[in-house]
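See structure below.
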Amino acid sequence: MTDHHKRVAILISGGGSNMVTLAQSMQGDHPARPVLVLSNNPQAKGLERAAAMGIPTAAVDHRPFKGDRAAFEAALLQPLLEARPDVLCLAGFMRILTGGFIERFHGRMLNIHPSLLPKYPGLNTHQRALDAGDAQAGCSVHEVIADLDAGPILGQATVPVLPDDSADTLAARVLEQEHRLYPAVLRRFASGDRRLLTL
Ligand code: GRF
């Protein structure tokens with residue numbers, strides 16, 4: 001880690017497979033380095049995986065705040081301010097952030113979403129693609145704005161939907177592409193390149 005490396009904080013809620021691929025990619029001539037893995041779930045498996053990779057971790061449990069988003073976000077901000085990230089990557093972070101929090105990191109917060117946005121913002125994306133009879137599905141990396149899953153798209157990867165697909169089998173095929181797309185987009189974004197990348 002040197003001064004010229006961009007500092008990246010990764011926010012997770014669960015297993016953290018995207019976090020692992022992002023962190024593993026930030027080596028050698030990559031313009032960025034991970035400085036924090038932060039979770040709203042203290043039991044998130046991804047925190048253990050990050051610690052095993054030697055990345056500082058922190059957890060701010062949202063449950064004690066009982067829906068008080070402003071208070072939760074004020075607490076979430078503490079480890080972030082200490083880590084001084086240049087870029088925030090939401091990677092399976094399942095809390096919806098307020099416009100005020102997002103504005104604070106305007107233009108430097110990314111998210112991975114398991115659909116070909118603008119199709120299927122929100123949850124259950126794979127089942128919705130199956131129910132619609134789509135021939136293709138995929139994932140998107142986008143900049144985060146106040147509107148959920150609606151920011152400028154920086155990258156997309158497409159997969160075929162197979163006749164005997166279930167939501168789970170489709171999710172597994174899309175996740176493989178997430179693990180290729182997010183690191184590729186982050187490398188470009190960290191060097192100031194915001195052109196759309198399609199895989
Ligand atoms: C990924 O499919 C991501 O697109 C979605 O949540 C899942 C997180 O998986 N938002 P992981 O925790 O990165 O394994």
Side-chain angles (χ1 to χ4, degrees), residues 8-26 32 34 36-53 55 57-62 76 85 87-97 101-102 105 109-130 134 136-162 165-187 189 196-199:
V8 177
I10 308 171
L11 281 71
I12 66 170
S13 294
S17 70
N18 277 290
M19 177 277 296
V20 170
T21 58
L22 287 171
Q24 286 173 340
S25 75
M26 288 186 260
L36 176 68
V37 171
L38 174 60
S39 180
N40 64 299
N41 169 13
Q43 283 74 46
K45 185 93 179 107
L47 290 173
E48 286 172 31
R49 298 169 94 178
M53 299 170 80
I55 305 168
T57 64
V60 177
D61 192 339
H62 67 275
L76 196 68
V87 177
L88 280 72
C89 288
L90 307 186
F93 184 71
M94 303 310 280
R95 304 305 299 171
I96 296 177
L97 298 165
F101 188 94
I102 291 166
F105 300 100
M109 193 191 287
L110 306 181
N111 181 44
I112 181 110
H113 182 75
S115 82
L116 294 172
L117 292 171
K119 271 186 151 181
Y120 314 129
L123 300 174
N124 308 318
T125 58
H126 308 299
Q127 190 57 54
R128 291 155 71 190
L130 291 172
D134 291 353
Q136 292 191 316
C139 53
S140 309
V141 175
H142 62 95
E143 275 183 55
V144 177
I145 62 171
D147 300 336
L148 185 66
D149 301 328
I153 297 171
L154 298 169
Q156 288 195 315
T158 303
V159 301
V161 176
L162 304 179
D165 259 333
S166 67
D168 288 346
T169 57
L170 183 54
R173 191 172 314 116
V174 171
L175 192 61
E176 282 173 18
Q177 297 309 311
E178 293 182 38
H179 295 163
R180 295 176 57 221
L181 181 68
Y182 212 173
V185 170
L186 175 62
R187 178 183 271 272
F189 187 82
L196 177 64
L197 174 68
T198 52
L199 298 182

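All ligand and atom numbering here is 1-based and tracks the order in the structure. Reckoned from all heavy atoms, side chains included, excluding hydrogens, waters and symmetry mates. Keep in mind it's a predicted model, so treat the numbers as computed, not measured.
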- request: Could you say whether the N/O atoms of Met19 and ligand 1 ever approach to under 3.5 Å?
  value: no
Within-cut-off N or O pair, His113 and ligand 1, under 3.5 Å: no
- prompt: If you measure from each heavy atom of Ile12 to ligand 1, is any distance below 4.0 Å?
  reply: no
message: Looking at ligand 1, would Gly15 count as a contact under a 4.0 Å heavy-atom criterion?
response: yes
- request: Side-chain contact test, heavy atoms from C-beta onward, threshold under 4.5 Å: evaluate it for Asn18 versus His179 and give yes or no.
  value: yes
field: Residues forming a ring-ring contact (aromatic ring centres under 6.0 Å, His included) with Phe101, sequence neighbours excluded
entry: Phe105
Students should be able to answer this: which protein heavy-atom is nearest to [atom], and at what distance?
atom	value
atom 9 (O) of ligand 1	Asn18 ND2, 4.0 Å
atom 12 (O) of ligand 1	Gly16 N, 2.9 Å
atom 14 (O) of ligand 1	Ser17 OG, 2.5 Å

For [X], take its heavy atoms, then give the atoms of ligand 1 lying under 4.0 Å from any of them.
X	result
Glu178	1 (C), 2 (O), 3 (C), 4 (O)
Pro114	4 (O)
Gly92	6 (O), 8 (C), 10 (N)

Test item: His113 side-chain N/O and Tyr120 main-chain N/O as donor-acceptor pair under 3.5 Å: yes
query: Just by distance, do the side chain of Ser166 and the backbone of Thr169 share a donor-acceptor pair under 3.5 Å?
result: yes
query: According to the salt bridge (charged side-chain N to carboxylate O under 4.0 Å, His left out) rule, which pairs have a member within residues 173-186, sequence neighbours left out?
result: Asp165-Arg173
Check against side chain to side chain contact (heavy atoms under 4.5 Å, CB included), Gln156 and Leu117: CA-CA 8 Å; Gln156 288 195 315; Leu117 292 171; 4.3 Å; yes
Asn41 and Ser13 side chains, donor-acceptor separation under 3.5 Å: no
